[in-house]
Amino acid sequence: MKTSLKKKTTEEIIIDDKYCKGCYLCIAVCPKKVLGRGNKRSRAGYSMPQVENLGECLACALCEMTCPDLALTVVLEKK
Amino acid sequence: MNPLAEKYLRKSALPLIFCPGCGDGTVLNIFLRAVEEMGIFKDLALVGGIGCSGWLPTYLQSDVLHVLHGRAIPFATGLKLTDPRRKVVVFTGDGDCAGIGGNHFIHAARRNIDLTVIMLNNGIYGMTGGQVAPTTPVSKRTQTSPYGNVEFPFDVCELAKAAGATYVARTTVAHPRPLLTLIKEGIEHRGFSFIEVISQCPTQAGRYMEGTSNPAELLGLIKKRALPVEQARQASPQELEGRIVVGKLHHTREKKELSQAIYENFPEEKNN
């Protein structure tokens, strides 16, 4: 297995369709391109981002901290 | 929904009123983190002025005042003086703080009262339709300067420093972690703390001033213009043109805080 510097691993990234406004700031700030543009619509009618490669996630939570609508949550794996 | 939002926000008021991609929501997000890490939610008293940024405190389940245009700081002064144990945080915009409430702002800085003023600067009057603000850069096109702005903008951090503020910092929404540290330091500091946060406004400032309404592009532009204060000290004036100097610009503990000074003058009131 490839040695990794990762200290934490992400279990999942939850994007709440009730609050997401599809600004795609989470895609812009991600250093590893974990998120991408999706086809699913939020309840307000905006097209939402989707999780594309969760394995690359560094658990830096920049997307969670930048999300202006508090719709995004990075769930860390419990050890 | 984010667990922090679940814990601290009024569910009935959600979703947030801001346009998609507005930087104000990021500041609310980071502020909730600061509150969580410091554990000060019970002592919080928030004041919001008029403008998009004035809406920020109204989403929290704490004590909130939403007041007249430009008059957020006088109301906050009253709140602080009636009970100095309160942690009073003022959310204000650039038009609210530097434009309409400019005089209140410099006098609060002069008095060195223990407030934390978070000024969200998007360089335009966004809510009212994109008029030119005291912080709009030269030659930028807005609704009331269709041939480019001919006025020179304020450097609000320099103004705060000159007026006597004891903690002055500037950062942007493209730097969430430094923003968190600076907000925490500002709340901890006993004295007038002023934090300027450069944020993007895709609807007004982005469309007319920068020529794009894509929030991600605007965030990238802000990030590119940012220059850390340590590097800015060695830079020439030509290099500093159009750049945003970010970081802790001024911090001193020499001045006495106003509410402390007032309550020391009334010895019989001390124990209450």
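Every chain is numbered from 1, with letters handed out A, B, ... down the list of sequences.
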| field | side chain to side chain contact (heavy atoms under 4.5 Å, CB included) between B:L14 and A:L70, intermediate numbers included | value | CA-CA 10 Å; B:L14 293 174; A:L70 295 122; 6.0 Å; no
| field | B:L4 portion near chain A, given a 4.5 angstrom heavy-atom threshold | value | neither
| Part of A:V29 lying under 4.5 Å from any heavy atom of chain B | side chain
| request: Would you confirm whether B:N29, through its side chain, and A:C67, through its main-chain N or O, come within 3.5 Å as a donor-acceptor pair? | output: yes
| By ring-ring contact (aromatic ring centres under 6.0 Å, His included), which residues pair with B:F75, not counting sequence neighbours? | none
| message | For B:I17 versus A:K21, what's the shortest heavy-atom pair and its separation? | response | C-NZ, 4.2 Å
| Nearest heavy atoms of B:C22 and A:P68, plus distance in Å | O-CB, 3.3 Å
| said: With a 3.5 Å distance limit and no angle check, can you tell me whether B:N2 reaches the backbone of A:L72 through a side-chain donor-acceptor pair? | reply: yes
| task | Start with the C-alpha gap between B:L179 and A:M65, add the side-chain angles, then the distance that decides, and say whether side chain to side chain contact (heavy atoms under 4.5 Å, CB included) holds. | result | CA-CA 10 Å; B:L179 177 57; A:M65 291 176 94; over 6 Å; no
| Contact residues of residues 200-225 of chain B (partner chain A; heavy-atom separation under 4.5 angstrom) | B:Q200, B:P215, B:A216, B:L219
| query | Hey, is NZ on B:K11 packed in by over 12 heavy atoms from elsewhere, all under 6.0 Å? | reply | yes
| Rounded to the nearest 0.5 Å, what separation is found between the CD atom of A:E64 and the CZ atom of B:R33? | 4.5 Å
